[in-house]
Engineer: 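So that we are looking at the same thing, I have put the structure below in structure tokens.
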Amino acid sequence: MDRTLVLLKPDAVQRGLAGEIISRLERRGLKLAAMKMLLVTEELAHRHYADHVGKPFFVGLVKFITSSPIVAMVIEGENAVDVVRNTMGVTSPSDASPGTIRGDLALTIGANLIHGSDSTESAKREIGLFFSPGEVIDYTRDIDRWIIES
């Protein structure tokens, strides 16, 4: 099982699309291993988007991600990184295929609803920025505790 970080950006939260987006990911067979709503600090935004420092869009990216609450999630499943990225669609909503989150719901490249890690290596680093190990469910270890007797 792979894990990836997914962020529902401020526009997704403001537009009331969190439930729709989470449902789409779950319908793909992915599981939530962690989830929380938070305000991203400038420091966290700079650490998360460190690869983009110096690029022309960096300042706007930080301003946007820190503008209002986001939902951060750890998503787990077979090939989770690729499945999430395919479900999200490409970065620019105008180029995203119908049926993808961005193709169906996003408005602009700057307000494209969702972030997903681009590799398993990035996922590990990004998950560590947003979650402590104790906040992430380990299904393989804990599943027996959650079986409800009927």
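All residue numbers refer to positions in the sequence shown, counting from 1.
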Engineer: Tell me if a side-chain donor or acceptor on R47 pairs with a main-chain N or O of E42 at a distance below 3.5 Å.
Structural biologist: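 No; zero donor-acceptor contacts below 3.5 Å.
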Engineer: Should E135 and K36 count as an ion pair when the cut-off is N to O under 4.0 Å?
Structural biologist: yes
Engineer: Report yes or no: does N112 contribute a side-chain atom to a donor-acceptor pair with the main-chain N or O of A106 at less than 3.5 Å?
Structural biologist: no
Engineer: For H115, what residues pass the ring-ring contact (aromatic ring centres under 6.0 Å, His included) criterion, not counting sequence neighbours?
Structural biologist: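 Applying ring-ring contact (aromatic ring centres under 6.0 Å, His included) to H115 gives H48.
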Engineer: For K31, is there an ion pair with E76 - N to carboxylate O distance below 4.0 angstrom?
Structural biologist: no
Engineer: The criterion is side chain to side chain contact (heavy atoms under 4.5 Å, CB included); which residues satisfy it with L61, sequence neighbours excluded?
Structural biologist: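 Partners of L61 under the side chain to side chain contact (heavy atoms under 4.5 Å, CB included) test: Y49, H52, F57.
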Engineer: Would you please name every residue forming a side chain to side chain contact (heavy atoms under 4.5 Å, CB included) with L107, sequence neighbours left out?
Structural biologist: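 Expected list: R15.
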Engineer: Just to verify, what does T100 make a side chain to side chain contact (heavy atoms under 4.5 Å, CB included) with, not counting sequence neighbours?
Structural biologist: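 Listed in chain order: A96, S97.
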Engineer: Which heavy atom of A123 sits nearest a heavy atom of L5, and at what distance?
Structural biologist: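 In terms of heavy atoms, the two residues are closest at CB-N, 4.3 Å.
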Engineer: Would you please name every residue forming a side chain to side chain contact (heavy atoms under 4.5 Å, CB included) with A18, sequence neighbours left out?
Structural biologist: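 If we apply the side chain to side chain contact (heavy atoms under 4.5 Å, CB included) test to A18, skipping adjacent residues, the hits are L8.
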Engineer: Atom NZ of residue position K63 - does it have more than 12 heavy atoms of other residues, nucleotides or ligands inside 6.0 Å?
Structural biologist: no
Engineer: Quick test of your reading of the model: are R24 and E20 salt-bridged, counting only N-O distances below 4.0 Å?
Structural biologist: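 Result for this pair is yes, salt bridge flagged.
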Engineer: What residues, two or more places apart in sequence or in another chain, satisfy salt bridge (Lys or Arg N to Asp or Glu O under 4.0 Å) together with E78?
Structural biologist: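 E78 satisfies salt bridge (Lys or Arg N to Asp or Glu O under 4.0 Å) with no other residue.
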